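Okay, structure first, notes after.
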Amino acid sequence: MFYKMTEEMNMMEKLGILTDAAKYDVACTSSGVDRRGDGKGMGNTLAAGICHSFSADGRCISLLKILFTNECIYDCRYCVNRSSNDVKRACFTPDEVCTLTMGFYKRNYIEGLFLSSGILYSPDFTMELIYQTLYKLRYEQDFQGYIHVKAIPGADPLLIRKTGFLADRMSVNLELPTAEGLGRLAPNKHRKNILAPMRQIQNGIRANKDEIVLYKKAPRFVSAGQSTQMIIGATPENDYQIMTVAESLYRRFELKRVFYSAFIKVNEDKELPALPGGPPLLREHRLYQADWLLRYYGFRAGELLSEDRPNFNVLLDPKADWALRHLELFPVEINGADYGMLLRVPGVGVKSARRIVGARRNGALRFEDLKKIGVVLKRAQYFITCSGRMMYGTRIEEDYIARRLIDAGERLPFDRDGVTYRQMSLFDDVRFQMSPDQAECSKAVYGQL
């Protein structure tokens with residue numbers, strides 16, 4: 001059996017294979033839960049105590065992020081671990097995952113575990129191994145740190161439920177925005193099988209909250225909520241369709257996060273799109289910005305985009321773009337606008353809007369006050385007044401304001417061919433005439449530049 005065969009492989013070899021195999025899964029986060037250790041076990045889970053760091057490609061590496069196995073019975077066209085690919089395969093044992101997690105935690109390398117997996121033999125077989133791993137961590141190793149684990153679609157609901165009492169967060173990857181795209185690129189997966197565990201986790205979280213009210217010592221079920229991930233750019237859906245799906249997931253399944261992963265072409269397949277400009281990272285960036293507006297700023301997908309205007313503006317963030325298309329609502333008087341309207345002003349965030357509402361109780365605010373509060377005036381100045389006056393003599397015209405917002409810029413990287421977007425590196429954000437050489441890179445790393 002494959003599972004028995006890989007027990008002979010060196011654990012560090014497996015770690016190299018299975019951490020690399022996990023890098024395409026971006027749906028990991030360690031925030032949203034607060035649980036202190038009891039003093040007997042190892043670790044704790046504090047909302048403010050989980051450290052986040054990010055790799056060069058912008059992905060969270062604060063957790064030990066691994067696949068249990070990269071062996072998979074499915075043949076998804078976009079996945080590097082598809083069954084038809086000739087890649088080196090490996091599989092951990094539950095004891096090995098425990099050893100790695102505890103070892104890395106004791107060395108202060110990580111604050112928790114993110115565990116996903118390919119499908120080994122069957123969904124039930126894989127989910128059982130994941131459950132055994134979490135059970136050993138919690139009850140044999142007394143690990144009380146953060147754990148985020150994937151629920152396997154098609155697995156026995158009882159296994160998912162038992163695992164949910166051991167994990168802080170669970171996620172079920174939607175994979176692709178629409179059922180049509182899923183059917184074309186992942187023929188072994190079905191939307192119904194994906195949504196079923198999502199609904200089960202939602203119902204389990206609700207029921208558990210009621211149990212905790214009645215019995216304060218009741219075990220917690222997925223206390224940090226659930227999340228999902230969509231691959232962007234592998235199928236032809238526009239931004240409006242994607243945001244509509246995300247909005248529906250937040251509303252129907254009460255998800256904590258929807259993650260968007262720019263499609264990276266790792267397989268040669270006629271069904272996969274060509275990527276002449278590389279992964280659609282700017283598009284991913286705009287979707288995250290819009291997702292933030294849905295979750296925290298009171299926007300709806302239909303306000304940001306429509307069937308007539310289905311994609312986000314390349315040059316402007318979604319909030320500024322919305323404001324420019326609704327100039328009839330501006331300028332907003334800072335000393336009189338309600339909280340909801342303040343949130344719609346470019347340059348005003350959730351914290352600064354709250355501070356404005358609190359501070360103006362003590363008197364009228366001036367532009368100098370707004371800067372101290374945290375308002376980004378280089379964007380907000382075109383959309384606000386203080387005591388009836390604008391900061392400068394500004395024309396309330398779409399083209400005029402758009403040009404100045406673009407000139408102010410979002411600090412997007414540039415290259416010689418014009419505006420592009422890629423993940424930030426050490427030398428981004430400056431329009432260099434030539435790329436830095438190796439000596440310059442070394443000096444920068446060691447603080448000599």
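Quick caveat, the model's predicted, so the values are computed rather than measured. All values below come from the heavy atoms of this structure, side chains included, with hydrogens, waters and symmetry mates left out.
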Atom CZ in Arg360, atom CG in Asn335: separation rounded to 0.5 Å?
7.0 Å
Inspect the surroundings of OH in Tyr250 and state if more than 12 heavy atoms from other residues, nucleotides or ligands are less than 6.0 Å away.
yes
Yes or no on side chain to side chain contact (heavy atoms under 4.5 Å, CB included) for Arg169 and Gln226, after CA distance, side-chain angles and deciding distance?
CA-CA 6 Å; Arg169 175 167 287 185; Gln226 65 170 320; 5.5 Å; no
Check: Ser84/Asp75 side-chain N/O donor and acceptor closer than 3.5 Å
yes
Are any side-chain N or O atoms of Thr228 and backbone N or O atoms of Val258, one a donor and one an acceptor, separated by less than 3.5 Å?
no
Distance from Gln132 atom CD to Thr163 atom OG1, nearest 0.5 Å?
10.0 Å
Centres of the Phe263 and Tyr78 rings: under 6.0 Å?
no
Heavy-atom pair with the smallest gap, counting every atom of Pro273 and Gly233
CG-O, 3.3 Å
Taking the cut-offs as 6.0 angstrom to the six-membered ring centre and 45 degrees off its axis, would you call Arg257 and Phe259 a cation-pi pair?
yes
For Pro197 and Ile160, which heavy atoms make the closest approach, and how far apart are they?
CB-CD1, 3.7 Å
Sequence neighbours excluded - salt bridge (charged side-chain N to carboxylate O under 4.0 Å, His left out) pairs with any residue from residues 235-255
Arg206-Glu254, Asp239-Arg283
Find out whether Ile130 and Val149 are in side-chain contact, i.e. whether some heavy atom of one side chain is under 4.5 Å from a heavy atom of the other.
yes
Check step by step if salt bridge (charged side-chain N to carboxylate O under 4.0 Å, His left out) holds for Asp269 and Arg82.
CA-CA 12 Å; Asp269 193 294; Arg82 63 188 293 187; 3.3 Å; yes
Answer yes or no: does atom CZ of Arg309 have more than 12 heavy-atom neighbours from other residues, nucleotides or ligands under 6.0 Å?
yes
Arg355 side chain to Gly374 backbone, donor-acceptor under 3.5 Å:
no
Is Asp168 salt-bridged to Lys256, cutoff N-O under 4.0 Å?
no
So, taking the atom named CZ in Phe312 and the one named CG in Leu287, what distance separates them when rounded to the nearest 0.5 Å?
6.0 Å
For residues Gly154 and Asp124, report the shortest heavy-atom separation together with the two atoms involved.
O-OD1, 4.1 Å
Verify, without hydrogens or angle tests, whether Arg138 (side chain) and Leu166 (backbone) share a donor-acceptor contact under 3.5 angstrom.
yes
Within the side chain of Arg161, is there an N or O that forms a donor-acceptor pair under 3.5 Å with the backbone of Pro157?
no
Test Phe383 against every option in Val332, Val348, Leu327, Leu329 by the side-chain contact (heavy atoms from CB on, under 4.5 Å) rule and name the one that passes.
Leu327
Could you check if a side-chain atom of His190 sits within less than 4.5 angstrom of a side-chain atom of Leu182, using non-hydrogen atoms only?
no
Donor-acceptor pair, Glu175 side chain versus Gln229 backbone, under 3.5 Å?
no
What one should report as the nearest heavy-atom pair of Val375 and Ala380 is CG1-CB, 3.7 Å
Donor-acceptor check, side chain of Asn70 to backbone of Gly118, threshold 3.5 angstrom: yes or no?
no
Of the options Leu134, Leu137, Leu67, Ile147, which is the one that meets Leu115 in a side-chain contact (heavy atoms from CB on, under 4.5 Å)?
Leu134
Looking at side-chain heavy atoms only, is the closest gap between Leu15 and Leu18 below 4.5 Å?
no
Salt bridge (charged side-chain N to carboxylate O under 4.0 Å, His left out) between Asp156 and Lys162: does it pass, once the steps are laid out?
CA-CA 10 Å; Asp156 187 334; Lys162 291 196 300 182; over 6 Å; no
What do the steps show when you test Leu120 against Cys91 for side chain to side chain contact (heavy atoms under 4.5 Å, CB included), and what is the final call?
CA-CA 9 Å; Leu120 181 61; Cys91 181; 3.8 Å; yes
Can any side-chain N or O of Arg325 pair as donor or acceptor with the backbone N or O of Leu304 at less than 3.5 Å?
yes
Do His148 and Leu113 have side-chain heavy atoms sitting under 4.5 Å apart?
no
Side-chain contact test, heavy atoms from C-beta onward, threshold under 4.5 Å: evaluate it for Thr126 versus Phe68 and give yes or no.
no
Do the side chain of Ser352 and the main chain of Gly349 share a donor and acceptor less than 3.5 angstrom apart?
yes
Classify the ring geometry between His326 and Trp322 as parallel (under 30°), tilted (30 to 60°) or perpendicular (over 60°).
parallel
With side chain to side chain contact (heavy atoms under 4.5 Å, CB included) as the criterion, how do Val172 and Lys150 come out once you've worked through the C-alpha distance, each side chain's angles and the decisive distance to 0.1 Å?
CA-CA 6 Å; Val172 186; Lys150 287 299 177 74; over 6 Å; no
Going by distance alone, is a donor N or O of one side chain under 3.5 Å from an acceptor N or O of the other, for Tyr260 and Asp291?
yes
Can you measure from CG (Leu315) to CZ (Arg403) and round to the nearest 0.5 angstrom?
13.5 Å
Mind checking whether Ile205 and Ile201 have side chains closer than 4.5 Å, heavy atoms only?
yes
Do you know which two heavy atoms are closest between Arg77 and Leu272, and how far apart they sit?
O-CD1, 3.4 Å
Working for side chain to side chain contact (heavy atoms under 4.5 Å, CB included), residues Leu370 and Ile356:
CA-CA 8 Å; Leu370 296 181; Ile356 288 170; 4.0 Å; yes
Got a donor-acceptor contact below 3.5 angstrom from the Ser248 side chain to the Thr244 backbone?
no
Arg89 side chain near Asn85 side chain, heavy-atom distance below 4.5 Å
yes
Establish, yes or no, whether the cationic atom of Arg404 lies under 6.0 Å from the six-membered ring centre of Tyr400 and within 45° of the ring axis.
yes
Scan for salt bridge (charged side-chain N to carboxylate O under 4.0 Å, His left out) pairs involving residues 333-347, sequence neighbours excluded, and state none if there are none.
Glu303-Arg344
Within 45° of the axis and under 6.0 Å from the centre of the six-membered ring of Phe92, does NZ or CZ of Lys14 qualify?
no
Quick check: does any side chain N or O of Arg286 sit under 3.5 Å from a backbone N or O of Leu316, one acting as donor and the other as acceptor?
yes
In this structure, OG1 of Thr69 is separated from OH of Tyr121 (nearest 0.5 Å) by 9.0 Å
Can you give me the closest heavy-atom contact between Pro177 and Ile242, atom names plus distance?
CG-CG1, 3.9 Å
Within a strict 4.5 Å, meaning less than it, do heavy atoms of the Ile384 and Pro331 side chains meet?
no
Using 4.0 Å as the upper bound for N to carboxylate O, is an ion pair formed by Lys136 and Asp142?
no
So how far is it from Ser227 OG to Leu174 CG, rounded to the nearest 0.5 Å?
12.0 Å
